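Below is one structure; the comments refer to it alone.
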Amino acid sequence: MRFLILSDIHANVDAFDAVLAAAPRHTWDRALVLGDLVGYGAEPNAVIERVLALEPLAVIRGNHDKAACGLGDASDFNHVARLAAVWTADALTPENRMYLERLPAGPRSIDDGVEICHGAPFDEDYYVFDLGDASRALDTASRPVCLFGHTHLPVVYRRDAGGDAGLVPNVDTDGVQLPLTADARYMINPGSVGQPRDGDPRAAFAIYDGDLRVITLRRVEYPVRAAQKRIFDAGLPPNLAHRLAVGR
Ligand code: ZN
């Protein structure tokens with residue numbers, strides 16, 4: 001099974017469309033969506049509708065999905081994130097709001113080899129930022145490959161008999177292929193489709209071939225100015241548009 005792995009789309013339909021164009025349907029079998037479909041960006045309904053059209057194998061909620069549909073209180077959000085959550089709650093159609101309300105929490109097992117979570121297997125809202133966090137996550141992951149999001153930073157953490165290690169993929173490269181070995185366990189973040197934060201403004205996603213055990217990390221350019229214009233026109237905080245240009 002080849003999985004299209006999407007995380008942190010954040011209502012950025014321009015980035016999402018570029019990803020879907022770069023990953024045509026014949027290059028993957030089923031989609032996995034790791035949460036934060038909405039929040040920050042200006043097109044929450046369009047993003048939810050495109051996710052539904054993919055008929056994904058699994059979608060889990062992120063903290064921004066919870067905040068936008070009233071499940072989370074956004075008390076741990078900064079001012080800008082809270083404003084965006086309020087804007088999003090107002091913009092959602094009743095159907096899409098209900099869709100977000102019903103999204104399951106992670107972690108979710110996909111098959112014998114793969115599980116997904118938004119933040120960490122032990123806490124859907126926890127940020128795995130460093131090797132210490134990753135080690136704790138690897139302790140609690142139920143499958144050899146655990147896919148996660150939330151930090152918006154592409155990274156591969158690996159545990160084998162020699163210990164734990166982290167690898168940040170070269171951000172200049174699109175299409176980095178990493179073969180995963182059977183004697184190791186992994187925590188893998190594909191990066192963010194809609195609000196990259198590693199200094200590379202291109203949309204990030206991944207494809208995992210579970211039969212070949214190869215993960216391919218991808219970056220694609222998208223019309224950032226179009227996404228920015230939507231944010232300005234929506235009256236969302238301008239910083240949410242500015243940061244897209246620098247990928248921070
Ligand atoms: Zn996010």
Side-chain angles (χ1 to χ4, degrees), residues 5-16 19 31-44 46-48 50-51 56 58-69 71-89 91-92 96 99-100 103-108 116-121 123-130 133-134 137 146-155 187-206 217 219 222 224 227 230-231 236-237 239-244 246-248:
I5 306 157
L6 306 169
S7 192
D8 297 279
I9 304 167
H10 280 293
N12 186 339
V13 77
D14 302 288
F16 196 9
V19 164
L32 303 174
V33 184
L34 312 187
D36 279 2
L37 285 64
V38 305
Y40 297 138
E43 295 291 346
V47 163
I48 290 170
R50 279 165 176 72
V51 166
V59 185
I60 52 172
R61 67 191 189 184
N63 49 321
H64 287 262
D65 303 319
K66 283 192 287 185
C69 69
L71 285 176
D73 61 5
S75 60
D76 58 336
F77 279 30
N78 64 38
H79 181 62
V80 165
R82 200 172 310 127
L83 284 175
V86 170
W87 181 93
T88 303
L92 285 170
N96 289 336
Y99 174 75
L100 294 181
L103 284 179
R108 296 236 333 163
I116 62 173
C117 59
H118 184 62
D123 179 348
E124 62 177 333
D125 295 330
Y126 189 88
Y127 290 91
V128 173
F129 269 127
D130 59 24
D133 296 331
C146 178
L147 306 165
F148 72 103
H150 199 30
T151 63
H152 301 204
L153 302 171
V155 66
M187 290 286 306
I188 300 174
N189 189 329
S192 167
V193 171
Q195 195 198 74
R197 292 182 191 161
D198 61 348
D200 182 344
R202 294 177 298 173
F205 69 102
L217 297 161
R219 297 306 282 259
Y222 73 94
V224 171
R230 292 182 206 270
I231 287 170
L236 281 157
N239 185 43
L240 292 172
H242 297 144
R243 64 187 302 178
L244 294 178
V246 288
R248 292 283 181 200

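The basis for the numbers below is simple: all heavy atoms, side chains too, and nothing from hydrogens, waters or symmetry mates. Atoms within each ligand, like the ligands themselves, are counted from 1 in listed order. A quick note: this is a predicted structure, and the numbers were derived from the prediction, not measured.
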Exercise. Charged N to carboxylate O below 4.0 Å: is that the case for D8 and R197?
Worked result: no
For this session: Please report the shortest heavy-atom distance between N12 and G194, naming the atom on each side.
Result: ND2-O, 3.0 Å
Seminar exercise, completed: Of all N, O or S atoms in H10, the one closest to the Zn ion (ligand 1) is NE2
Exercise. From the Zn ion (ligand 1) out to just under 2.8 Å, does an N/O/S atom of H150 turn up?
Worked result: no
Exercise. Hey, which N, O or S atom on D36 ends up closest to the Zn ion (ligand 1)?
Worked result: OD2
For this session: Locate the shortest heavy-atom distance separating P237 from I231; write the atom from each residue and the value.
Result: O-CG2, 3.9 Å
For this session: Output the atom name for the N/O/S atom of D8 with the smallest distance to the Zn ion (ligand 1).
Result: OD1
Problem set entry | Heavy atoms from other residues, nucleotides or ligands near CZ of R108 exceed 12 (cutoff 6.0 Å) | no
Exercise. Measuring to the Zn ion (ligand 1), does H152 have an N/O/S atom at a distance below 2.8 Å?
Worked result: yes
Exercise. Where does the angle between the aromatic ring planes of H64 and H10 fall among parallel (under 30°), tilted (30 to 60°) and perpendicular (over 60°)?
Worked result: perpendicular
